[in-house]
Protein chains: 2
Amino acid sequence: MEKRKIELSESCRKSIQGIKDTQDLLSGKWKAAIVGALFYNGKFRFMDLSRHVVGVAPKVLSKELKDLEMNHLVKRTVLDTMPITVEYELTSQGKSLHRIIEAMGEWGIKYRKSLLKK
Amino acid sequence: MEKRKIELSESCRKSIQGIKDTQDLLSGKWKAAIVGALFYNGKFRFMDLSRHVVGVAPKVLSKELKDLEMNHLVKRTVLDTMPITVEYELTSQGKSLHRIIEAMGEWGIKYRKSLLKK
DNA sequence: CAGGATCCGGTTAGATACTG
DNA sequence: CAGTATCTAACCGGATCCTG
C-alpha cells in the first residue's frame with residue numbers, strides 16, 4: 001500500500017518531467033506548427049515552409065529550424081542545385097512526435113469551434 | 001483530383017492552425033506541466049501544486065494559473081477555511097487535453113532515455 | 001496559506017533591409 | 001533561393017520580500 005503510493009507519485013513525477021522536457025523542445029510560438037507542417041507534408045523547402053506556417057518571419061523560422069535540428073527532430077539537406085535549395089524534413093525522432101502533433105491539431109480545431117458557439 | 005488536392009491542403013492548414021492555437025494556450029515553460037500535475041492528481045492546493053511542479057516560483061505559478069483559468073482550462077475554488085485555502089482543478093475542457101498531456105509525458109520520458117543511451 | 005509588489009536581466013519575436 | 005544583420009519593444013520568468 002505504502003509502496004504502491006510511492007510508485008504512483010514517482011511515475012507521476014516522471015510524467016511531469018516528461019511533459020516539461022517535451023514542452024521545452026517545442027517551446028516558442030512556432031516550433032510545434034513547424035513540426036506539424038513537416039509532418040503533414042513530408043519535405044519542404046525553406047520558402048514553402050514559410051508559406052505554410054503563416055506569419056513567421058524568415059529570421060524566426062531559421063532560428064526555430066536550427067533549434068529543432070540541434071535536437072535531432074529535423075533534418076536539413078542542402079541540394080546541389082542552382083541556385084541552391086534546402087530541404088527540411090522530420091527525422092524519425094521528429095516523426096515520433098506524431099501522436100502529440102495530431103492530438104494538438106484536433107484539440108485546437110475543436111477548441112476553436114467551441115469558442116465560436118458562444 | 002484538383003478538388004481533392006484543395007481539400008487536403010485545406011485540412012492541413014486547419015490542423016496547423018489548431019496546433020498553433022493549442023500551443024498558445026499551453027505556452028510558456030510551465031503551463032503544460034501544471035495541467036499535467038492537475039491531470040494526474042485531480043485537485044491541488046496552491047502549495048501542493050508548487051511542490052509538484054518543481055522549481056516554479058509562486059508569482060509565476062499564480063500567473064500561469066490565471067491564464068489557464070481565463071481560458072477555461074482550470075477552475076479555481078476558494079474554500080472557506082481558516083486560513084483560507086484554494087483548490088485548483090481541471091475543467092472538463094481542461095481534462096479534454098488528456099491525449100496531448102499523456103502523449104507529451106510518454107514522449108518526454110522516451111526522449112530522455114534515448115539521450116542517456118548516448 | 002495564497003498569493004501580490006517590486007525589481008531586473010535575458011530572451012523572444014517582429015520589422016526591415018540586405019547578401020551570396 | 002535561403003537565409004543573415006540590425007534594431008527594438010515586449011514579454012517571460014527568476015529572486016526576494018511582503019501582506020491579509
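So you know, we letter chains A, B, ... as the sequences are listed, proteins then strands, and number each from 1.
- B/Glu64 comes within contact range of the sugar-phosphate backbone alone, with a heavy-atom separation under 4.0 Å but no base atom that close.
- Checking side-chain atoms of A/Gln23 against main-chain N and O of B/Leu26 turns up a donor-acceptor pair under 3.5 Å.
- Position along DNA chain D of the nearest nucleotide to A/Val86 versus B/Asp67 favours A/Val86 as the more 5'-ward residue.
- Closest approach to the A/Phe46 side chain among D/dA2, C/dT12, C/dG4 is made by D/dA2 (side chain taken as heavy atoms from C-beta onward).
- The CG-P distance, from B/Leu79 to C/dA2, rounds to 9 Å in whole Å.
- The interatomic distance linking B/Lys31 (NZ) with D/dC11 (P) rounds to 13 Å, in whole Å.
- Each of B/Phe39, B/Tyr88, B/Phe44, B/Trp30 was scored for a ring pair (Phe, Tyr, Trp, His ring centres under 6.0 Å) with B/His52, with one residue passing: B/Phe44.
- The salt bridge (charged side-chain N to carboxylate O under 4.0 Å, His left out) search around B/Arg51 returns B/Asp48, not counting sequence neighbours.
- Proximity of A/Arg76 to the phosphate of D/dG3: a side-chain N or O atom is located under 4.0 Å from OP1 or OP2.
- Regarding B/Leu65, its CG atom lies at a distance of 8 Å from the P atom of C/dG3, rounded to whole Å.
- One finds a side-chain N or O of A/Tyr88 lying less than 4.0 angstrom from the OP1 or OP2 phosphate oxygen of D/dG3.
- For A/Lys63 and A/Asp67, the salt-bridge test passes: some basic side-chain N is under 4.0 Å from an acidic carboxylate O.
- Atom C1' of nucleotide D/dC1 and atom CG of A/Asp80 are separated by 14 Å, given to the nearest angstrom.
- Atom P of nucleotide D/dC12 and atom CG of B/Leu26 are separated by 14 Å, given to the nearest angstrom.
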Check nucleotides 14-20 of chain D for protein N or O atoms closer than 3.5 Å to its own N or O atoms and list the pairs.
unit_1 : atom_1 : unit_2  : atom_2 : d
D/dG14 : OP1    : B/Lys29 : NZ     : 2.7
D/dG14 : OP2    : B/Trp30 : NE1    : 3.2
D/dG14 : O6     : B/Lys59 : NZ     : 2.4

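- In this entry the distance linking NZ of B/Lys43 with P of C/dA2 reads 14 Å, nearest Å.
- Using a 4.5 Å cut-off on side-chain heavy atoms (C-beta onward), A/Val86 and A/Leu79 make no contact.
- Using a 4.0 Å cut-off, some side-chain N or O of A/Ser62 falls inside it from OP1 or OP2 of D/dT4.
- Look at A/Arg13 and A/Glu10 and you find a salt bridge, because one of the NZ, NE, NH1 or NH2 atoms lies within 4.0 Å of a carboxylate O, short of that distance.
- The side chain of A/Lys66 places no N or O atom within less than 4.0 Å of a non-bridging phosphate oxygen (OP1 or OP2) of D/dA2.
- Atoms CG (B/Leu61) and C1' (C/dG4) sit 13 Å apart, rounded to a whole Å.
- If you chain together hydrophobic residues whose side chains sit under 4.5 Å apart, B/Val60 and B/Leu38 fall into the same group.
- Taking atom NZ of A/Lys63 as the reference point, atom C1' of C/dA15 lies 17 Å away to the nearest angstrom.
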